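I have placed the structure first, in the form of structure tokens, so that the comments after it can refer back to it.
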Amino acid sequence: MSVQLDSICNFEKGNVGLAKAVPGIYPLVTTGSGRRTCDSYQFDTKAVCIPLVSSTGHGHASLNNVHYQDGKFALGSILVALTAKDESQLDIQYLHLYLSELKDHILVPLMSGAANVALSISKIKSIKIPLPYINRQREIVRKFNLVKLEDEQLKFELINQQSLLRKLRCSILEEAFKGNLTADWRLKNSNLEQASKLYERKSIPNNEKTFEIPSAWIYVQISDIFNFIDYRGKTPKKLKSGMRLITAKNVKSGFLSLEPQDFISDAEYTERMTRGYPKNGDILFTTEAPLGNVCILNTKDEHVSTGQRVITLQSNSEFICNKFFVFFMQTQTFQELLLEKASGVTAKGIKASRLKEILLPLTSISEQNVLVAKIENLFTICDQFEAQIANNQSYIKQLMQLVLKEAFSQSDKVFSESKAKAT
């Protein structure tokens, strides 16, 4: 059967002004997810505590939390506590489960107001809920808590798996640039031209080297193998025609297809063309906020331009595989070195002059291509694991939905409509 809340619940508004609350030994329930403390208590019972104001405010209706609390506790003045008139008829934990899991479809639509969006107690009182016998309510709560525990354990395991995958990707890159992934390849291809024959070997201090590289490899400065296109200054504000514009927010680590959205003015176009322009396949590197994001430019536009804090690295040799260096710039070792050379208090940034000094490992173009292929193959396996993790997360959500549907089977219509709105 379905019953109206005011027929089974007592309603009492909180009496503690949150700004004036004195810390103490009793829990103080607020609109937030956590608990504060208070030196006095208002309730000594089990209760569902519902905020009466929007969680986000500014004309937007939302409720982040519906709380369950028992024992002696204080309640903020912008919340209302629902307690059972007869505990032999209503399990408060069952009520909390129902209202908290379906709050976006039961409580939020009842909120009103232009600027200060609020939920009235009278509207909450009018809500109807399915109310099975007390033993059935308790069984629903018990089953749900068991599934929720399993859900939390699975989520913890998935987070752990994601962390392990991130570490695995880092390990793959670190091993790659120590030369370990291509050690067998070098033994079979020792007659190929070495990197030292492509670029003049320079005397480089040991403390500047990032990896112990194979003897066939050398270290070079970034400026040895890349031309820098750095427009400096601010990102143009007047966007009219001419050249596509890419800003720092477009640049994310990886090999992404960037989609520039704005044009720079004709005057900016003329001035920037004299310095050169980024081309398809070039490396884009962010020098600040966020520092060290790097990707390959993939665009069909003939001419593109970059905004503030984005430098283009354009290889000056046919013996350079840009993906090889993009992978290197994503290693933890390189990112840590970048931070050491960066400056700034609120936002770390690196000047082009300092970036040019950073050392990169270099091997023959043949080995660069082989190593890139090996990294991409290993990362594909990581991608497959990540896809499986995503599927597992989706399964967990579906499981919780099924449990709720079964739990509230006496109100299938309410649940089905709520689920339809959610999708």
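The shown structure was predicted, so the numbers you read here are calculated from the model rather than taken from an experiment. In this chain, residues are counted from 1 in sequence order.
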Using modelled atom types only, decide if a donor and an acceptor are shared between the side chain of [X] and the backbone of [Y] within a distance under 3.5 Å.
{"X": "Thr37", "Y": "Pro27", "answer": "no"}
{"X": "Arg309", "Y": "Phe285", "answer": "no"}
{"X": "Gln335", "Y": "Gly292", "answer": "yes"}
{"X": "Asn298", "Y": "Asn280", "answer": "no"}
{"X": "Asp230", "Y": "Thr312", "answer": "no"}
{"X": "Gln368", "Y": "Cys321", "answer": "yes"}
{"X": "Asn189", "Y": "Trp185", "answer": "yes"}
{"X": "His67", "Y": "His96", "answer": "no"}
{"X": "Asn145", "Y": "Val141", "answer": "yes"}

Roughly how far, to the nearest 0.5 Å, is the [atom2] atom of [Y] from the [atom1] atom of [X]?
{"X": "Ile213", "Y": "Lys178", "atom1": "CD1", "atom2": "NZ", "value": "13.0 Å"}
{"X": "Lys103", "Y": "Leu110", "atom1": "NZ", "atom2": "CG", "value": "13.5 Å"}
{"X": "Leu75", "Y": "Leu28", "atom1": "CG", "atom2": "CG", "value": "7.5 Å"}
{"X": "Lys351", "Y": "Glu288", "atom1": "NZ", "atom2": "CD", "value": "11.5 Å"}
{"X": "Leu338", "Y": "Met329", "atom1": "CG", "atom2": "CE", "value": "9.5 Å"}
{"X": "Leu313", "Y": "Ile320", "atom1": "CG", "atom2": "CD1", "value": "11.5 Å"}

Heavy atoms, side chains only, cut-off 4.5 Å: are [X] and [Y] in contact?
{"X": "Cys9", "Y": "Thr83", "value": "no"}
{"X": "Asn293", "Y": "Pro290", "value": "yes"}
{"X": "Trp217", "Y": "Ser364", "value": "no"}
{"X": "Leu119", "Y": "Val53", "value": "no"}
{"X": "Glu376", "Y": "Val372", "value": "yes"}
{"X": "Leu63", "Y": "Met111", "value": "yes"}
{"X": "Pro23", "Y": "Arg36", "value": "no"}
{"X": "Gln221", "Y": "Leu359", "value": "yes"}

Next on the checklist: If you apply the rule side chain to side chain contact (heavy atoms under 4.5 Å, CB included), what do you find for Phe334 with Ile358, and how did you get there?
Outcome noted: CA-CA 9 Å; Phe334 178 84; Ile358 294 180; 3.6 Å; yes

Checklist entry - Could you walk me through whether Phe324 and Phe177 pass the ring-ring contact (aromatic ring centres under 6.0 Å, His included) check? => result CA-CA 9 Å; Phe324 176 86; Phe177 292 99; 5.1 Å; yes

Next on the checklist: Looking at Lys13, I'd like to know if its NZ atom is crowded, meaning that more than 12 non-hydrogen atoms belonging to other residues, nucleotides or ligands lie closer than 6.0 Å.
Outcome noted: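 Count over threshold, so yes.
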
Item to check | Atom CG of Asn116 with >12 non-hydrogen neighbours under 6.0 angstrom | outcome: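 For Asn116, atom CG is not crowded (no more than 12 foreign heavy atoms under 6.0 Å).
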
Taking every non-hydrogen atom, the tightest pair across [X] and [Y]:
{"X": "Pro132", "Y": "Tyr94", "answer": "CD-OH, 3.3 Å"}
{"X": "Arg138", "Y": "Asp91", "answer": "CG-OD2, 3.2 Å"}
{"X": "Glu174", "Y": "Thr333", "answer": "OE1-OG1, 2.9 Å"}
{"X": "Gly14", "Y": "Gln42", "answer": "CA-OE1, 3.5 Å"}
{"X": "Leu5", "Y": "Ile124", "answer": "CD1-O, 3.4 Å"}
{"X": "Ser77", "Y": "Gly17", "answer": "OG-CA, 4.0 Å"}

Item to check | Qualifying ring-ring contact (aromatic ring centres under 6.0 Å, His included) pairs, either residue in residues 359-382, two or more places apart | outcome: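 Qualifying pairs: Phe327-Phe379.
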
Any luck finding a side-chain donor-acceptor pair between [X] and [Y] under 3.5 Å?
{"X": "Gln153", "Y": "Glu157", "answer": "no"}
{"X": "Asp282", "Y": "Gln314", "answer": "yes"}
{"X": "Arg35", "Y": "Gln69", "answer": "yes"}
{"X": "Glu367", "Y": "Thr182", "answer": "yes"}
{"X": "Asn180", "Y": "Glu175", "answer": "yes"}

Checklist entry - Hey, are Arg166 and Glu386 close enough for a salt bridge, meaning a charged N less than 4.0 Å from a carboxylate O? => result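 Salt bridge absent between Arg166 and Glu386.
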
Checklist entry - Honestly, is Lys323 close enough over Phe325, meaning NZ or CZ under 6.0 Å from the six-membered ring centre and within 45° of the axis? => result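 Relative to the ring axis of Phe325, which defines the angle, Lys323 lies outside at least one limit.
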
Next on the checklist: Can you confirm if the NZ or CZ of Lys356 lies within 45° of the ring axis of Phe228 and under 6.0 Å from the centre of its six-membered ring?
Outcome noted: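 Judged by the rule, Lys356 and Phe228 form a cation-pi pair.
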
Next on the checklist: I need the single residue from Ile121, Leu107, Leu79 that forms a side chain to side chain contact (heavy atoms under 4.5 Å, CB included) with Ile50. Which is it?
Outcome noted: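 With Ile50 as partner, side chain to side chain contact (heavy atoms under 4.5 Å, CB included) holds for just one option, Leu107.
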
Checklist entry - So Gln137 and Arg142, side chain to side chain contact (heavy atoms under 4.5 Å, CB included) or not? Walk me through it. => result CA-CA 9 Å; Gln137 294 176 45; Arg142 187 189 69 81; over 6 Å; no

Checklist entry - Ile375 and Leu181: side chain to side chain contact (heavy atoms under 4.5 Å, CB included), yes or no, with the steps? => result CA-CA 8 Å; Ile375 293 175; Leu181 294 188; 4.2 Å; yes

Next on the checklist: Using the side-chain hydrogen bond (donor to acceptor under 3.5 Å, both in side chains) criterion, which residues pair with Asn64? Sequence neighbours excluded.
Outcome noted: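 For Asn64 there are no side-chain hydrogen bond (donor to acceptor under 3.5 Å, both in side chains) partners, ignoring immediate neighbours.
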
Next on the checklist: Less than 6.0 angstrom separating the ring centers of Phe43 and Phe73, yes or no?
Outcome noted: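 Yes, they do, as the ring centres are separated by less than 6.0 Å.
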
Next on the checklist: Between Ile225 and Ser315, does the side chain to side chain contact (heavy atoms under 4.5 Å, CB included) criterion hold? Intermediate values first, please.
Outcome noted: CA-CA 6 Å; Ile225 57 176; Ser315 62; over 6 Å; no

